[in-house]
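Below is one structure; the comments refer to it alone.
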There are 2 protein chains.
Amino acid sequence: MKKITIGEAARKSGVKVPTIRYYEGIGLLREPSRSDGNQRSYEQSDLNRLTFIRHARELGFEVEAIRALLSLQDNPLQSCASADAIAKARLIEVEQRIRSLMALKAELEMMVEGCGHGRVDQCRVIEVLADHAQCTHHGH
Amino acid sequence: MKKITIGEAARKSGVKVPTIRYYEGIGLLREPSRSDGNQRSYEQSDLNRLTFIRHARELGFEVEAIRALLSLQDNPLQSCASADAIAKARLIEVEQRIRSLMALKAELEMMVEGCGHGRVDQCRVIEVLADHAQCTHHGH
DNA sequence: TCTTGCACCTCTAGTCACTAGAGGATGTAG
DNA sequence: CTACATCCTCTAGTGACTAGAGGTGCAAGA
């Protein structure tokens, strides 16, 4: 098998070079073999793992969740209930986050629409921030 | 005017005690006067400012944006165009974030629905993460 | 063969917005 | 006067990287 440098691994996986080293440091990625000159040498399986990690990070999974998902992937015969639970928990987080962002969006829109582009002392943006009572959304 | 301790300020503003000290350290909040025993003593105007900051943080404004908004609030005669611009920028960020979270939600739903609760090697959660090509949303 | 120049190495420190904890001083109620 | 909560300063830790210093490896052109 041909050797893959860290730079090549970065290009192919979409994970930056220092981030790959960081993942190795925290134990998400195994320590790869080294060249005579002490340079890291990766295999295809490492690229797959890096892609898995990148994708999971893009979906907002935390490193500890990814660590759990990876250990599941390493033991393909066991039940996938844990993986399902992790994904479900993340789904609930995402739904919650969307709801709260929608509320913020409404509030920001009111601020921006209310701004008469005059002086600060008549500005709705500043006013709403200064006086929480004016919020439409009181959940926060 | 009666003296307000940092703990009271925290209760009334909803900003935690160490966070108030932190805001003072980074210059968001003025250094308050001190009691004989060197304890911070706040006034109503400090509470207003803290509430402003808390509210802005809840709306997701970064500290630097809040610093700008506060300096606008301190000069109420100038044009509110900057405040408007800051709020608009934040609105665009929020809208973008909502769009991307909706895509993630769809992807997570597919993963969770596809999970047959069997073994990991048939688990759609793991499979989708491992093979990005299966994503419905290719933007990331 | 030499040299240029990029990619690689390790290590430390910085980012953001706090949060936690140590170790000690102050203030207040009983 | 004694508890005891609250306050003080200072340092270090969080998550997930990112930036930079200072040095080594390696492949290609002269």
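Below, chain A is the first sequence line, B the second, and so on; all start at residue 1. Keep in mind that the numbers below use all heavy atoms, side chains included, and drop hydrogens, waters and symmetry copies.
- Phosphate contact (OP1/OP2 of dT18(D), side-chain N/O of K16(A), threshold under 4.0 Å): present.
- Proximity of L101(A) to E95(B): side-chain heavy atoms (C-beta onward) are nowhere separated by under 4.5 Å.
- Sorted by first and then second residue, the pairs that involve residues 59-71 of chain B and meet side-chain hydrogen bond (donor to acceptor under 3.5 Å, both in side chains), not counting sequence neighbours, are E64(B)-R67(B).
- The side chain of T5(B) contributes an N or O atom lying less than 4.0 Å from OP1 or OP2 of dC7(D).
- Taking a 4.0 Å limit (strictly below) on heavy-atom distances, residues 20-29 of chain B reaches DNA chain C at Y22(B), Y23(B).
- For the pair L72(A) and S82(A), the tightest heavy-atom approach, listed with the atom from each and the gap, is CD1-CB, 3.9 Å.
- Nearest-nucleotide mapping onto DNA chain C: of R11(A) and R57(B), the residue sitting toward the 5' end is R11(A).
- The two atoms that bring V17(B) and A10(B) nearest to each other are CG2-CB, 3.6 Å, heavy atoms only.
- Under 4.0 angstrom from either OP1 or OP2 of dC17(D) there lies no side-chain N or O belonging to R54(A).
- In terms of the side chain to side chain contact (heavy atoms under 4.5 Å, CB included) criterion, residue partners of S41(B) (sequence neighbours excluded) are, by chain and number, K3(B), S33(B).
- Nucleotides of DNA chain C that come within less than 4.0 Å of any heavy atom of chain A span, from the 5' end to the 3' end, dC8(C) to dT10(C).
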For residues 21-28 of chain A, dump all side-chain donor-acceptor pairs below 3.5 Å to protein atoms at least two apart in sequence or in another chain.
residue: E24(A); atom: OE1; partner: R40(A); partner atom: NE; Å: 2.7

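- Rounded to 10 degrees, the angle separating the terminal axes of the helix from dT1(C)-dA30(D) to dG30(C)-dC1(D) is 10°, with each axis obtained from five end pairs.
- Checked against side chain to side chain contact (heavy atoms under 4.5 Å, CB included), D46(A) has the following partners two or more places apart in sequence or in another chain: R30(A), Y42(A), E43(A).
- Every residue meeting the side chain to side chain contact (heavy atoms under 4.5 Å, CB included) condition with Q39(B), not counting sequence neighbours, appears here in chain and number order: S35(B).
- Looking at R54(B) and L50(B), their side chains never come closer than 4.5 Å, going by heavy atoms from C-beta outward.
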What does the list of N/O pairs under 3.5 Å between the protein and nucleotides 24-28 of chain D look like, with a distance for each?
residue: dG25(D); atom: O4'; partner: Q39(A); partner atom: NE2; Å: 3.4
residue: dC26(D); atom: OP1; partner: S35(A); partner atom: OG; Å: 3.4
residue: dC26(D); atom: OP1; partner: G37(A); partner atom: N; Å: 3.4

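- For K16(B), the salt bridge (charged side-chain N to carboxylate O under 4.0 Å, His left out) criterion is met by no residue, not counting sequence neighbours.
- Here the side chains of R90(A) and V94(A) are in contact, with some heavy-atom distance below 4.5 Å.
- Under the rule for a side chain to side chain contact (heavy atoms under 4.5 Å, CB included), the partners of Q44(A) that lie at least two apart in sequence or sit in another chain are L47(A), N48(A).
- The CD atom of E62(A) sits 10 Å away from the C1' atom of dA16(D) (whole-angstrom rounding).
- Note on residues 71-81 of chain B: pairs passing salt bridge (charged side-chain N to carboxylate O under 4.0 Å, His left out), not counting sequence neighbours, are R49(B)-D74(B).
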